[in-house]
2 protein chains.
Amino acid sequence: MTEHDTARTLAHPEAAEIRLEDVLHALSDPVRLSITRDLAVSAADLACSHFDLPVTKSTTTHHFRVLRESGVVRQTYRGTTKLNALRREELEALFPGLLDSVLTAAAAEEARLA
Amino acid sequence: MTEHDTARTLAHPEAAEIRLEDVLHALSDPVRLSITRDLAVSAADLACSHFDLPVTKSTTTHHFRVLRESGVVRQTYRGTTKLNALRREELEALFPGLLDSVLTAAAAEEARLA
DNA sequence: CCGCTCCTACGACGGCTCTCGTACGATGGT
DNA sequence: ACCATCGTACGAGAGCCGTCGTAGGAGCGG
C-alpha cells in the first residue's frame, strides 16, 4: 500500500447520466428507502455496517450497488469499510425538490402508519 | 341500462392505503410516467385510447391498472371508454410536493436529453 | 339484432429483482 | 505472520414485471 488512497474505486454514473426512472426505482424499495433516509439525517458519511437492515450482508451489498448505480449515493472505500453519502447537490441540480419531497413523504407515511 | 352511471366500478385504494413505495414504483416505469405526465397537463380526464404508447393494448391495460392500484390515478367508466384522472389533491395531501417534483424532474430530464 | 369500438382476462414467455449461502479478497491491528 | 472485520463475487432459487396474442365482455349506433 503506497498510500491510504490506494483504495479501489467504484463506478458511479456522471450527474448527466442519472436517469429519473432509475432513481425512482431505487427509492421504491423499502430497504433502500430506509438507507436513503438514514443517510439524509446523518451529518457524516455512514459505513455499510452501520445500518441495521433486515437482510443479509449479501443483500445489503446488492442494495447499495443499486443506490450507487442509480446515482443516489456516492461510495468511497476507507480502509476496510465503505462510506456512503447521498449525492444531494447533484440530485437537487438535476431534479429540484425531488429528494426532499420523497424524504418528507417517507417520514409522513411512517408517522401515519404508526 | 337504468342510468348512465350503471357503469362497472373499479377497485381503488383509499387515500390512507396509498403507499409511497407503490407510488414510486408506479412512476419508475417510462410508459407509466409518460401517462402520468400527459394526465398532469390535461385539463379534462383522458380515455385510455387517447394515449399513443409504444405497447399493445393489453400492456396498456396492465399499466393503467398499476397506476390505479398504486393510487396515482382514478378510473371511471364512461360508456365503453374508461376515463383517467390524476388523484392530485389526495396525493398532495399525503405526500406534499412529491408529484410536482416528479413531473418537473421528468420535464427537466426530457429537456436535458433533447 | 348486428357489428363496431373500447377495454379486459387469461395464459405465456423472457428478464429482472430480491433474497440467500458460501467462499473469497482487502485492509488493518496484534 | 496471523487473524478478525468488512465487504465482494458467484451461483442459485422464488417471485414479480413488462410484454404480447388471442379470445371475449360491455356498451353504443345503426
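No experiment lies behind these values; they were computed from the predicted model shown. In what follows, chains carry the letters A, B, and so on, assigned in the order in which the sequence lines appear, proteins first and then strands, with residues in each chain numbered from 1.
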Would you tell me if any nitrogen or oxygen in the side chain of A:Thr56 comes within less than 4.0 Å of OP1 or OP2 on C:dC20? yes
Length of the line joining A:His62:NE2 and C:dT17:P, which is rounded to integer Å: 7 Å
5'-most contact on DNA chain C (nearest-nucleotide basis), B:Thr60 vs A:Val55, goes to B:Thr60
What contact category does A:Thr81 fall into here, base, sugar-phosphate, or nothing, at under 4.0 angstrom with non-hydrogen atoms? sugar-phosphate
Looking across every strand, which nucleic acid part, if any, lies under 4.0 Å from A:Thr59 by heavy atom: base, sugar-phosphate, or nothing? base
Side-chain heavy-atom pair B:Arg37, B:Leu103 within 4.5 angstrom cut-off: yes
Between D:dG7 atom P and A:Arg78 atom CZ, what is the distance in whole Å? 14 Å
Nearest whole angstrom, please: distance from the C1' of C:dC6 to the OH of B:Tyr77. 9 Å
Rounded distance in Å - CD1 (B:Ile35) to P (C:dC7): 12 Å
D:dT19 P sits how many Å from B:Arg32 CZ, rounded? 8 Å
Which of the following nucleotides, C:dT19, D:dG21, C:dC7, is nearest to the side chain of A:Val31? C:dT19
Report the distance from atom CZ of B:Arg68 to atom C1' of C:dC7, rounded to the nearest whole Å. 12 Å
Donor-acceptor under 3.5 Å (B:Ser101 side chain, B:Gly97 main chain): yes
Between A:Asp29 and A:Thr80, whichever has its closest DNA chain C nucleotide further toward 5' is A:Asp29
Hydrophobic clustering (ILVMFWY, side-chain heavy atoms < 4.5 Å, transitive) - are B:Val66 and B:Leu86 grouped together? no
Is a donor-acceptor contact shorter than 3.5 angstrom present between the side chain of B:Ser58 and the base of D:dT22? yes
Value in whole Å for how far the C1' atom of D:dA9 lies from NZ of A:Lys82: 12 Å
Which part of the nucleic acid does B:Lys57 contact within heavy-atom distance under 4.0 Å: base, sugar-phosphate only, or nothing? base
Scan B:His63 against the nucleic acid and name what it touches under 4.0 Å (heavy atoms): base, sugar-phosphate only, or nothing. sugar-phosphate
Is a side-chain donor-acceptor pair under 3.5 Å present for A:Ser28 with B:Ser28? no
Only residue of B:Arg65, B:Arg68, B:His12 satisfying side-chain hydrogen bond (donor to acceptor under 3.5 Å, both in side chains) with B:Gln75 is B:Arg68
Distance check needed: D:dG18 C1' versus A:His25 NE2, whole Å only. 12 Å
